[in-house]
Peer 1: 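Below is a structure I'd like to ask you about.
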2 protein chains.
Amino acid sequence: MITKVLIAEDHESANISVQKTLEELSITNTSHAYYCDDALNKVVNAVKAGDSFDLLITDLYFEPDGTKQVIHSGTELITAVRAIQPDLKILVFSAENKPATIDLLHRELDVDGFVRKARHDAKELKQAIKELAQHRRYFPRHIMQLIDKKNVYAFTDFDITVITLLAEGVLQKDIPSYLQNKGIKPSGLSSVEKKLNQMKEALEFTKNEQLIAYCKDLGII
Amino acid sequence: MITKVLIAEDHESANISVQKTLEELSITNTSHAYYCDDALNKVVNAVKAGDSFDLLITDLYFEPDGTKQVIHSGTELITAVRAIQPDLKILVFSAENKPATIDLLHRELDVDGFVRKARHDAKELKQAIKELAQHRRYFPRHIMQLIDKKNVYAFTDFDITVITLLAEGVLQKDIPSYLQNKGIKPSGLSSVEKKLNQMKEALEFTKNEQLIAYCKDLGII
DNA sequence: TACCCCATTACGGTTTCCCATAAAAAATGC
DNA sequence: GCATTTTTTATGGGAAACCGTAATGGGGTA
């Protein structure tokens with residue numbers, strides 16, 4: 001049974017509508033946090049007081065506004081609260097639609113649900129909370145389809161390093177020295193060229209610019 | 001006096017919170033539209049019935065979901081309703097923070113107010129509606145400051161076309177023929193090179209890959 | 001019309017990238 | 001230990017990109 005919920009969301013308006021949705025599910029014991037640090041504090045205090053939360057609904061992106069914060073993003077918040085209260089159910093409510101990010105939430109951070117801020121998000125939110133109350137996870141099919149699509153090529157750490165360097169403006173011929181400085185091998189220019197060719201061939205691209213655009217779209221870099 | 005309001009917003013949750021905010025201002029005569037076409041229809045019908053709206057609160061971005069729509073964006077909607085009902089007050093409520101867009105709203109589309117979806121957006125929304133009821137415009141100072149600050153480079157249609165072609169894998173030397181086919185001028189290779197250099201210099205980049213990454217981050221392409 | 005100004009285009013030299021091939025090094029198998 | 005295979009690195013020629021400069025062309029003005 002879900003009765004006590006914490007909402008971590010910097011947008012006041014989003015906060016309001018989440019609360020309203022919860023009210024429609026007869027959940028009135030809600031707390032709000034407009035900053036990640038504040039959210040973590042509330043979780044800590046609730047556990048200390050022996051009155052812990054049942055569910056955390058959190059956004060991923062929190063806009064900096066000048067006030068110093070230790071935790072800056074929803075993903076960091078998730079790992080932090082998990083360390084404090086492992087059994088806390090976590091539902092991510094975000095406009096995020098990059099497959100890489102959603103995949104991270106699903107597999108590595110192992111959150112209980114994801115609802116994308118979109119046309120029918122309030123209805124979805126209700127559905128998700130109902131599912132979570134039944135101890136099921138909520139990742140709608142149309143979201144998971146996004147994830148599968150990205151599996152046309154599995155980017156390795158090496159791939160990502162090389163692409164990131166390119167996106168930062170490093171000349172291809174200068175990449176080997178960067179790799180050596182970081183102790184990454186292989187570091188030869190030919191190896192870099194080979195990797196780039198492999199990626200481009202797998203994705204049917206011909207130019208580095210396409211790779212950059214593709215990786216940006218998927219949130220890989 | 002503002003009594004009858006139309007909310008054009010594809011996100012259900014945002015729609016809810018706007019309505020709640022209006023209720024707190026004792027405005028209960030509200031209509032909702034989840035698509036631009038629907039919003040325009042409601043404006044038209046209200047005018048025909050001699051019971052027109054006092055205020056339109058609209059988002060800028062409406063996510064396509066397969067249903068065929070004539071109008072696809074808030075900016076198009078704004079020009080369309082202005083043609084129907086010139087005295088309709090328009091308040092844009094959007095997460096948009098690109099200086100160029102806000103500038104467009106302020107100067108060319110001449111909307112009555114802009115509230116950014118951000119931390120205290122509900123409070124701002126209330127304030128904005130109060131201002132509009134007094135026949136004043138509402139563009140908070142911190143928004144207008146954004147315009148000056150972040151305006152590092154204003155991308156033209158030509159810029160975006162060139163960058164898009166690069167991101168699609170078109171060779172730089174082949175871009176001129178593409179431009180000619182689309183009837184865009186200038187179309188010379190030197191002009192393309194010059195534009196790319198201008199952009200890169202303005203943003204302190206050295207490589208096209210950086211430009212692609214930057215434009216992807218900003219959602220320009 | 002003649003002239004100037006500006007934007008556009010054309011051209012040539014240099015650098016970087018691309019690609020195929022070969023050499024070197026490392027891993028594997030017997 | 002030695003041969004084989006695979007991975008990594010090196011090299012060179014040709015294509016594309018980069019960059020400065022010169023030529024072209026169109027619009028405005030007297």
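By convention in this document, chain letters (A, B, ...) are assigned in the order of the sequence lines, proteins followed by strands, and residues within each chain are numbered from 1.
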Peer 1: Going by an N to O cut-off under 4.0 Å, is there a salt bridge joining B:Lys182 and B:Asp157?
Peer 2: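 No, no charged N to carboxylate O under 4.0 Å.
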Peer 1: Under the ring pair (Phe, Tyr, Trp, His ring centres under 6.0 Å) rule, what pairs show up with a residue in residues 168-211 of chain A, not counting sequence neighbours?
Peer 2: A:Phe205-A:Tyr214
Peer 1: Please work out which of the three classes, parallel, tilted or perpendicular, describes the rings of A:Phe114 and A:Phe139, given edges at 30° and 60°.
Peer 2: parallel
Peer 1: For A:Tyr34 and A:Glu12, which I'm curious about, is there any donor-acceptor pair between the side chains at under 3.5 Å?
Peer 2: no
Peer 1: For B:Lys200, answer base if it contacts any base atom (sugar-phosphate contacts may also be present), sugar-phosphate if it contacts only those atoms, and nothing otherwise; contact means non-hydrogen atoms under 4.0 Å.
Peer 2: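 Counting heavy atoms under 4.0 Å across all strands, the contact made by B:Lys200 is with sugar-phosphate only.
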Peer 1: If you measure only the distance, is there a donor-acceptor pair under 3.5 Å linking the side chains of B:Asp121 and A:His11?
Peer 2: no
Peer 1: In this structure, how many angstroms lie between the C1' atom of C:dC18 and the CE atom of A:Met199, rounded?
Peer 2: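 After rounding, the gap between these two atoms is 15 Å.
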Peer 1: Regarding B:Tyr61 and B:Asp10, do their side chains bring together a donor and an acceptor under 3.5 Å, going by distance alone?
Peer 2: no
Peer 1: Tabulate protein N/O versus nucleotide N/O from nucleotides 25-27 of chain C, keeping only pairs under 3.5 Å, one per line.
Peer 2:
none

Peer 1: Touch check for B:Lys207, heavy atoms < 4.0 angstrom, all strands: base, sugar-phosphate only, or nothing?
Peer 2: sugar-phosphate
Peer 1: Does anything in residues 157-180 of chain A reach DNA chain D, meaning a heavy atom under 4.0 Å, and if so which residues?
Peer 2: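 Nucleic-acid contacts, sorted: none.
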Peer 1: If we ignore angles and hydrogens, is there a donor and acceptor under 3.5 Å between the side chains of A:Thr67 and A:Gln69?
Peer 2: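 A:Thr67 vs A:Gln69: donor-acceptor pair found between side chains.
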Peer 1: What I want to find out is whether A:Asp110 reaches A:Arg137 closely enough, with some N-O distance under 4.0 Å, to be called a salt bridge.
Peer 2: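 Salt bridge present between A:Asp110 and A:Arg137.
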Peer 1: State plainly whether the residues A:Lys173 and A:Glu193 are in salt-bridge range, i.e. N to O under 4.0 Å.
Peer 2: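 Result for this pair is no, no salt bridge flagged.
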Peer 1: Is the shortest side-chain N to carboxylate O distance from B:Glu9 to B:Lys117 below 4.0 Å?
Peer 2: yes
Peer 1: Run the salt-bridge test on A:Asp217 and A:Lys98 with the 4.0 Å N-O cut-off and return the result as yes or no.
Peer 2: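 No, this pair does not count.
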Peer 1: When you check the side-chain N and O atoms of A:Thr156 and A:Asp159, is any donor under 3.5 Å from an acceptor?
Peer 2: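 Checked: A:Thr156/A:Asp159 side chains pair up, N/O donor to acceptor below 3.5 Å.
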Peer 1: Output yes when at least one side-chain N/O atom of A:Asn197 is less than 4.0 Å from OP1 or OP2 of C:dC18, else no.
Peer 2: no
Peer 1: Shorter than 3.5 Å, N or O on both sides, protein versus nucleotides 4-13 of chain C: list them out with atom names.
Peer 2:
from   : atom 1 : to       : atom 2 : distance (Å)
C:dT9  : OP1    : B:Ser187 : N      : 3.3
C:dT9  : OP2    : B:Ser187 : N      : 3.2
C:dT9  : OP2    : B:Gly188 : N      : 2.7
C:dT9  : OP2    : B:Ser191 : OG     : 2.8
C:dA10 : N7     : B:Ser190 : OG     : 2.6
C:dA10 : N6     : B:Ser190 : OG     : 3.1

Peer 1: Report the residues that fulfil side chain to side chain donor-acceptor pair (under 3.5 Å) with A:Gln198, sequence neighbours left out, ordered by chain and then residue number.
Peer 2: A:Lys195
Peer 1: From the 5' end of DNA chain D to its 3' end, which nucleotides mark the outer limits of contact with chain B, defined by a 4.0 Å heavy-atom distance cut-off (strictly under)?
Peer 2: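 Endpoints of the contacted stretch of DNA chain D: D:dA16 to D:dC19.
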